[in-house]
Undergrad: 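Structure incoming, see below.
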Amino acid sequence: MEKYNFRIIEKKWQAFWEKEGLFAGKDNREKKYYVLEMLPYPSGRLHMGHVRNYTIGDVIARYKKSLGFNVLHPIGWDAFGLPAENAAIERNTHPAHWTRENIHAMRSQLQSLGFSYDWDREVSTCDEEYYLQEQRIFLDFLKHDLAYRKESTVNWDPLEQTVLANEQVVDGCGWRSGVPIEKKKLSQWFLKITDFAEDLLNGLDQLKEWPEKVVTMQRNWIGKSFGANIHFKTPDGSMTIPIFTTCPHTLFGASFLVIAAEHPVSQSLKNKPEIAAFIAECAHLGTSEKALETVEKKGIDTGIRVVSPFEPDREIPVYIANYVVADYGTGAVFGCPAHDARDFEFATLYNLPIHQVIEPLAHESMDLSKEAFLGDGHMIHSQFLNGLTIEEAKKKAIDQIESLSAGHRVTTYRLRDWGVSRQRYWGCPVPIIYCDACGTVPVPLGDLPIRLPEDISFDKPGNPLVHHSTWSKVDCPSCGAKARRETDTLDTFFESSWYFFRYCTPHYAKGPFDAKIADSWCPVDQYIGGVEHAVLHLLYARFFTRALKKCGYTTIEEPFKALMTQGMVCHETYKDAAGKWMFPEDVQKQGSNYIHALTKDPVTAGPSEKMSKSKKNVVDPEHIIQEYGADVARFFVMSDSPPEKDLDWSDAGVQGVWRYLNRFHQCVQNAVSHFTGPQPLDVSSRKTESTHRLIHKTIQWVTDDFERYHFNKAIARIRELSNALFALSPENPQEIGVLRFGLQTLTQLLAPIVPHVAEEIWQEIVQNPSKTILEAGWPKADPALLQEDTVVLGVQVNGKLRAELTIAKDAPQVSIEALVIELEGVQKYLEGATPKKIIVIQNRIVNVVI
RNA sequence: GCCCGCUUGGUGGAAUCGGUAGACACGACAGACUUAAAAUCUGUUGGCUUUACGGCCGUGCUGGUUCGAGUCCGGCAGCGGGCACCA
């Protein structure tokens, strides 16, 4: 078989589409459709995860275009960030240079995959054009009381004199220095996302086209909870420690109080050496919640004793503990070991009493010598709460606390304000000036953008902006005195929180975007990206949209109407005889064993895992495109798994796709020479009649599957139709009409997935068409041909399949019952008896119960 | 640790509403073509059992609801994602 020349075809059509401007989104037109894939970080080269993400988006974009939508499908670069600085340090290059080279390489890779991007809208967040607008947004947030400054804790590497990301903290030590980290308080910029906590929570109900799991994760992240602030006092009443709890009903089970190391009471005891040492030890834990929660529980008795408002005579100890979150609630909680797992662990460690206050319901089991009881039940050993359910007891306990003036009910959110300050060079500078006389002064709009200096060095530890000899030295815009610039830059999530608006008017200079045009395109109709962004990026973008609305930039509230979270791309892992990871391309398969391609030594294959550089189980998209072409790569990533599930990369599967596309191409080559003049559909034979029906059914199935994004199923249907069409003979005059119609339809159904070869074949079948295949529209199924007049029913006896019955569609129940008991397969089990019951489900199944 | 998912043949997956488990593909095996190989084409392919017809078992494990469970409910195990400075 002659292979089709993808090298020529793909280049040819990519050039044609670009010349014709086929994929330019046209502003202010009806029937808009905005499809967007998550903003990529320019890490250097495209990986398979990108290929999958962008192919899904492109298939949707092309499908919608063929349905006649005015599609907006832009792309850009999340170009600020930590990896550029790491590269600068490790390879002695400049972050800007490294980033721009990466963008250049990745752009040409994207182009070689034939994605239908409107390249005129490309944006890079590190471009002055972009971050100028970002500084403007920041100043507006400041004006509208959405940005403020406060102290917060960071991971500090004492050797490198740098702030570390949680990712850079390994086992409590700096990843480069290996020195135990410390917590350090810094004054930083925050955005008031908590102002919108309730609104962000309520908005989730409108997101009907988001995966339920993402909505749930966001709901839990916002973490609205009802509870109480309760004042514990020292017996002499000289000191009060307020605590927050969502379990006020277990107050009679309290046997200790735990406070965070950062709590003012803890800090006030630093003069005691053992307490100071413990606080210092807690500081090595860093700021990540995971570290706090998984650390071995540890505490130290402060010597302070307090009493609960309900039991003024029972003193309980106050401990400083390493597992208390300082920023949540009041940084202090009471411990009820009988009914909280963490408190139980702590109490067991320090021999603190365990008071049961909930009596389990009959079916629940409890063993307080082994673990806390967390189930449902009724209150006991709790004076006025005895006998109540948990819910009743919560309410009554808080009422009582309020009447004693010992606290009050509160609604809290787990959500904290968003810290956007980063002590790094490669980010958007915060447009603020500090003046000794005037304080914090916003940079006047006319002075924007605050550009990053180019002459920087990473020789010294810390932020190069701080070390720069002149950059931060400015005159105060307000009084003219000597002042200094803010040297912090913005979190890169800031850039990705509004880029989808910028795409609407990517070169707009008067503001972040033209409100009228942006509102006509937004919200994004379909957003596609990794589930790892389920909370942070997506929540920040939802917050930003509300904040921008508050500042008058938009009328939109929810940025993303529908969301799809695609799975990861995985590959088998390989290790050589020495146990070192190996690239798949260096491994050969020999029978059922694997060997080293060069040395022929045996190789052990491990489980399929997410492709990662560290395990070397990566396949470079570039190689696939070189060897098989973009269409094959696109087809494979769409065919093997549903988009939201993980995809296993398989070289054999790729070859299978290559064979299929060649068969398809060959079939068309064999047929086109017979396409002469008008060739009416001849459906007089059984074969052509059933194939004709199959064509229409396939249109229907594929359309339904595309609408639901079940691309792998759509492709299975396409394959089935292909198998039927490849079996027809172009030499047979009776079959040629159906074959021609079938191939034409097949090409249209394939066009969103394999656009290059489809466009080429379209030319050959339609012969000098005036439109591209997408402009020719999407095929429509004839409803009359979708109906079948007979159905095959499964016949069960006691739930087990024993026979089949072919019968007219919608046949009446009585006639089915009569026919079914006569069937040989049923008679065999009936043995002359009458069935107890016959259950008939129309057009599906019959169950004979005996 | 907490929150959220996932688990179906040798492999990826299909089964849309509780109704015939395994569509479609990969791999494997057999055959055709070929001096031969590659490529291509045709056929078989969940497991056990039976000469055959057939029978039994089977959707991570376990218990339940139902005429009927991959699908619903309870418990358990394994794997993955997120946990606020990676993006």
Side-chain angles (χ1 to χ4, degrees), chain A residues 1 3 38-41 43 78 81-83 86 154-155 163-169 188 211-214 216-217 219-221 223 287-295 297 323 327 341-342 345 414-424 491-493 496 530-537 539-540 565 567-568 570 592 607-610 639-642 644-657 659-660 662-663 666 704-705 708 710 712-713 715-720 723 792-796 798-801 803-804 836-839 841 844-850:
Chain A
M1 192 194 340
K3 305 279 186 277
M38 284 181 185
L39 189 65
Y41 181 79
S43 52
D78 189 13
L82 203 47
N86 291 334
V154 295
N155 299 314
V163 176
L164 296 180
N166 282 335
E167 183 192 55
Q168 299 173 319
V169 178
Q188 309 205 71
E212 191 52 44
K213 61 172 174 178
V214 175
T216 310
M217 278 193 258
R219 188 170 286 127
N220 290 337
W221 187 263
T287 59
S288 98
E289 186 181 322
K290 185 186 170 189
L292 271 185
E293 295 258 354
T294 48
V295 70
K297 310 273 174 292
Y323 66 97
D327 301 333
R342 284 177 304 175
E345 195 184 328
R414 206 184 72 100
L415 183 69
R416 308 199 290 260
D417 274 338
W418 173 16
V420 292
S421 286
R422 296 293 179 270
Q423 294 69 38
R424 309 194 188 286
D491 179 5
T492 58
F493 274 127
S496 55
V531 72
E532 66 273 18
H533 295 292
V535 176
L536 292 184
H537 160 61
L539 193 64
Y540 290 151
T565 53
M568 300 176 301
C570 303
S592 55
S608 183
E609 294 181 52
K610 179 185 178 172
S639 68
D640 235 36
S641 280
E644 63 280 2
K645 288 196 32 172
D646 288 353
L647 169 76
D648 252 38
W649 187 265
S650 140
D651 287 325
V654 173
Q655 282 161 30
V657 172
R659 282 199 297 269
Y660 168 73
N662 276 302
R663 265 206 317 256
Q666 189 63 52
D704 288 348
D705 286 337
R708 288 175 213 162
H710 294 173
N712 58 326
K713 284 164 65 185
I715 287 172
R717 298 306 192 183
I718 286 172
R719 290 261 204 175
E720 272 175 305
N723 290 341
V792 182
L793 299 182
V795 180
Q796 296 178 331
N798 284 347
K800 287 198 180 222
L801 187 73
E804 282 186 346
K836 275 191 207 151
K837 200 160 47 161
I838 301 179
I839 294 155
I841 308 296
R844 277 179 187 264
I845 205 162
V846 184
N847 192 6
V848 181
V849 186
I850 48 179

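Proteins get letters first, then strands, A, B, ... in listed order; numbering begins at 1 in each.
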Undergrad: Please name the residue in the list A/Lys213, A/Glu532, A/Met38, A/His533 that meets the side-chain contact (heavy atoms from CB on, under 4.5 Å) test with A/Thr565.
TA: A/Lys213

Undergrad: Find which nucleotide of RNA chain B each of A/Arg708 and A/Arg719 is nearest to by heavy atoms, and output the residue with the more 5' nucleotide.
TA: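 Its nearest nucleotide being more 5', the pick is A/Arg708.
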
Undergrad: So does A/Arg414 have more than 12 non-hydrogen atoms from other groups sitting under 6.0 Å from CZ?
TA: yes

Undergrad: Among residues at least two apart in sequence or on other chains, which ones pass side chain to side chain contact (heavy atoms under 4.5 Å, CB included) with A/Lys713?
TA: A/Asp705, A/His710

Undergrad: Give each protein N/O atom lying under 3.5 Å from an N/O atom of nucleotides 69-72 of chain B, with the pair distance.
TA:
none

Undergrad: Separation of A/Glu644 atom CD from B/rG13 atom P, in whole Å?
TA: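 Whole-Å distance recorded here is 11 Å.
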
Undergrad: Where each pair must be Watson-Crick or G-U wobble with both distances under 3.5 Å, what dot-bracket representation of RNA chain B is obtained, with crossing pairs in [ ] and other-strand partners as |?
TA: (((((((..(((......[....)))((((((.......))))))((((....))))..(((((..]....))))))))))))....

Undergrad: Between C1' on B/rC4 and CZ on A/Arg219, what's the gap in Å once rounded to a whole number?
TA: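 In whole Å, B/rC4 C1' lies 13 Å from A/Arg219 CZ.
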
Undergrad: Nearest whole Å is fine: how far is B/rU66 P from A/Lys837 NZ?
TA: 11 Å

Undergrad: Can you tell me how far P in B/rC56 sits from the matching atom in B/rU40, rounded to whole Å?
TA: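 Looking at atom P only, B/rC56 and B/rU40 are 42 Å apart.
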
Undergrad: Quick one: side chain to side chain contact (heavy atoms under 4.5 Å, CB included) partners of A/Glu293, sequence neighbours excluded?
TA: A/Glu289, A/Arg342

Undergrad: State which residues pass side chain to side chain contact (heavy atoms under 4.5 Å, CB included) with A/Ile839; sequence neighbours excluded, sorted by chain then number.
TA: A/Lys837, A/Ile841, A/Asn847, A/Val849

Undergrad: Can you list the residues that meet the ring-ring contact (aromatic ring centres under 6.0 Å, His included) rule with A/Tyr323, with sequence neighbours excluded?
TA: A/Phe346

Undergrad: Can you list everything that forms a side chain to side chain contact (heavy atoms under 4.5 Å, CB included) with A/Pro642? Sequence neighbours excluded, please.
TA: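 With neighbours one apart ignored, the set is A/Glu644, A/Lys645, A/Asn712.
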
Undergrad: When the P atoms of B/rC29 and B/rA38 are considered, how many whole Å apart are they?
TA: 12 Å

Undergrad: Would you please name every residue forming a salt bridge (Lys or Arg N to Asp or Glu O under 4.0 Å) with A/Arg424, sequence neighbours left out?
TA: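 Applying salt bridge (Lys or Arg N to Asp or Glu O under 4.0 Å) to A/Arg424 gives none.
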
Undergrad: For side chain to side chain contact (heavy atoms under 4.5 Å, CB included), just list the numbers for A/Ile850 and A/Lys836, CA-CA rounded to whole Å, side-chain angles, deciding distance to a tenth of an Å, and then say yes or no.
TA: CA-CA 5 Å; A/Ile850 48 179; A/Lys836 275 191 207 151; over 6 Å; no

Undergrad: Just checking, any donor-acceptor pair under 3.5 angstrom between side chains of A/Trp418 and A/Asp491?
TA: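 Present: a donor and an acceptor within the cut-off.
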
Undergrad: Would you please test A/Gln188 and A/Gln423 for side chain to side chain contact (heavy atoms under 4.5 Å, CB included) and show each step?
TA: CA-CA 10 Å; A/Gln188 309 205 71; A/Gln423 294 69 38; 3.0 Å; yes

Undergrad: Applying side chain to side chain contact (heavy atoms under 4.5 Å, CB included) to A/Phe493 and A/Val420, what does each step give before you reach the verdict?
TA: CA-CA 8 Å; A/Phe493 274 127; A/Val420 292; over 6 Å; no

Undergrad: Dump every N/O contact between nucleotides 52-56 of chain B and the protein below 3.5 Å, one line per pair.
TA:
residue, atom, partner, partner atom, Å
B/rG55, OP1, A/Tyr829, OH, 3.3
B/rC56, OP2, A/Arg802, NH1, 3.2

Undergrad: What does A/Ala534 touch in the nucleic acid at a heavy-atom separation under 4.0 angstrom: a base, only the sugar-phosphate, or nothing?
TA: nothing

Undergrad: Expressed in whole Å, how much space separates the P atoms belonging to B/rU8 and B/rU59?
TA: 11 Å

Undergrad: Please report the distance separating the P of B/rU45 from the corresponding atom of B/rA25, rounded so that it comes out in whole Å.
TA: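 Going atom to atom, P in each nucleotide, I get 14 Å.
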
Undergrad: With rounding to whole Å, what would you report as the distance between B/rG22 and B/rG10 at their P atoms?
TA: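 It comes out at 16 Å once rounded to the nearest Å.
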
Undergrad: Set out, in order, the CA-CA distance, both residues' side-chain angles and the distance that settles side chain to side chain contact (heavy atoms under 4.5 Å, CB included) for A/Arg422 and A/Leu82, then state yes or no.
TA: CA-CA 10 Å; A/Arg422 296 293 179 270; A/Leu82 203 47; over 6 Å; no

Undergrad: Would you confirm whether A/Asn155, through its side chain, and A/Val163, through its main-chain N or O, come within 3.5 Å as a donor-acceptor pair?
TA: no

Undergrad: Tell me: CH2 of A/Trp649 to C1' of B/rG13, nearest whole Å?
TA: 17 Å

Undergrad: Just compare B/rA25, B/rU40, B/rC4 and give me whichever is closest to any side-chain atom of A/Thr216.
TA: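 For A/Thr216, the side-chain atoms sit closest to B/rC4.
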
Undergrad: Can you check the distance between B/rG80 and B/rG60, where both ends of the measurement are the C1' atom (answer in whole Å)?
TA: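 The answer is 15 Å between these two C1' atoms.
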
Undergrad: Verify side chain to side chain donor-acceptor pair (under 3.5 Å) between A/Thr287 and A/Asn166, making sure each step is shown before the conclusion.
TA: CA-CA 7 Å; A/Thr287 59; A/Asn166 282 335; 3.2 Å; yes

Undergrad: For every nucleotide of nucleotides 74-87 of chain B, 5' to 3': is a protein heavy atom under 4.0 Å from its base (B), only from its sugar-phosphate (S), or from neither (-)?
TA: ------SSSBBBBB

Undergrad: What integer distance in Å separates A/Lys645:NZ from B/rA15:C1'?
TA: 13 Å

Undergrad: How many Å lie between CZ on A/Arg342 and C1' on B/rC3, as a whole number?
TA: 13 Å

Undergrad: Syn or anti for B/rC79, taking syn as within 90° of 0?
TA: anti

Undergrad: In whole angstrom, what separates A/Tyr323's OH from B/rC2's P?
TA: 14 Å

Undergrad: What is the separation between atom NZ on A/Lys297 and atom C1' on B/rG1, rounded to the nearest whole Å?
TA: 6 Å

Undergrad: By salt bridge (Lys or Arg N to Asp or Glu O under 4.0 Å), which residues pair with A/Glu345, not counting sequence neighbours?
TA: A/Lys297

Undergrad: For the C1' atoms, the ones on B/rG74 and on B/rA69, what distance do you get once it is rounded to whole angstrom?
TA: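 Per the computed distance, 15 Å lies between those C1' atoms.
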
Undergrad: Are there any protein N/O atoms within less than 3.5 Å of an N/O atom in nucleotides 19-23 of chain B, and if so, which ones and at what distance?
TA:
residue, atom, partner, partner atom, Å
B/rU20, O2, A/Glu804, OE2, 3.1
B/rU20, O4, A/Val792, O, 2.4
B/rA23, O2', A/Glu720, OE2, 3.4

Undergrad: I need the A/Thr492 OG1 to A/His537 NE2 distance, nearest 0.5 Å.
TA: 11.0 Å

Undergrad: Using heavy atoms to find the nearest nucleotide of RNA chain B for A/Asn220 and A/Pro642 separately, return the residue whose nucleotide is more 5′.
TA: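 This one resolves to A/Asn220.
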
Undergrad: Looking only at heavy atoms, which two atoms of A/Ser650 and A/Gly653 are closest? And how far apart?
TA: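 Residues A/Ser650 and A/Gly653, closest heavy atoms: OG-N, 2.7 Å.
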
Undergrad: Taking only the P atom of each, what is the distance from B/rG75 to B/rC4 in whole angstrom?
TA: 13 Å

Undergrad: Check the chi torsion on B/rG47 and let me know: syn if it falls within 90° of 0, anti if not.
TA: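 Anti conformation for B/rG47.
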
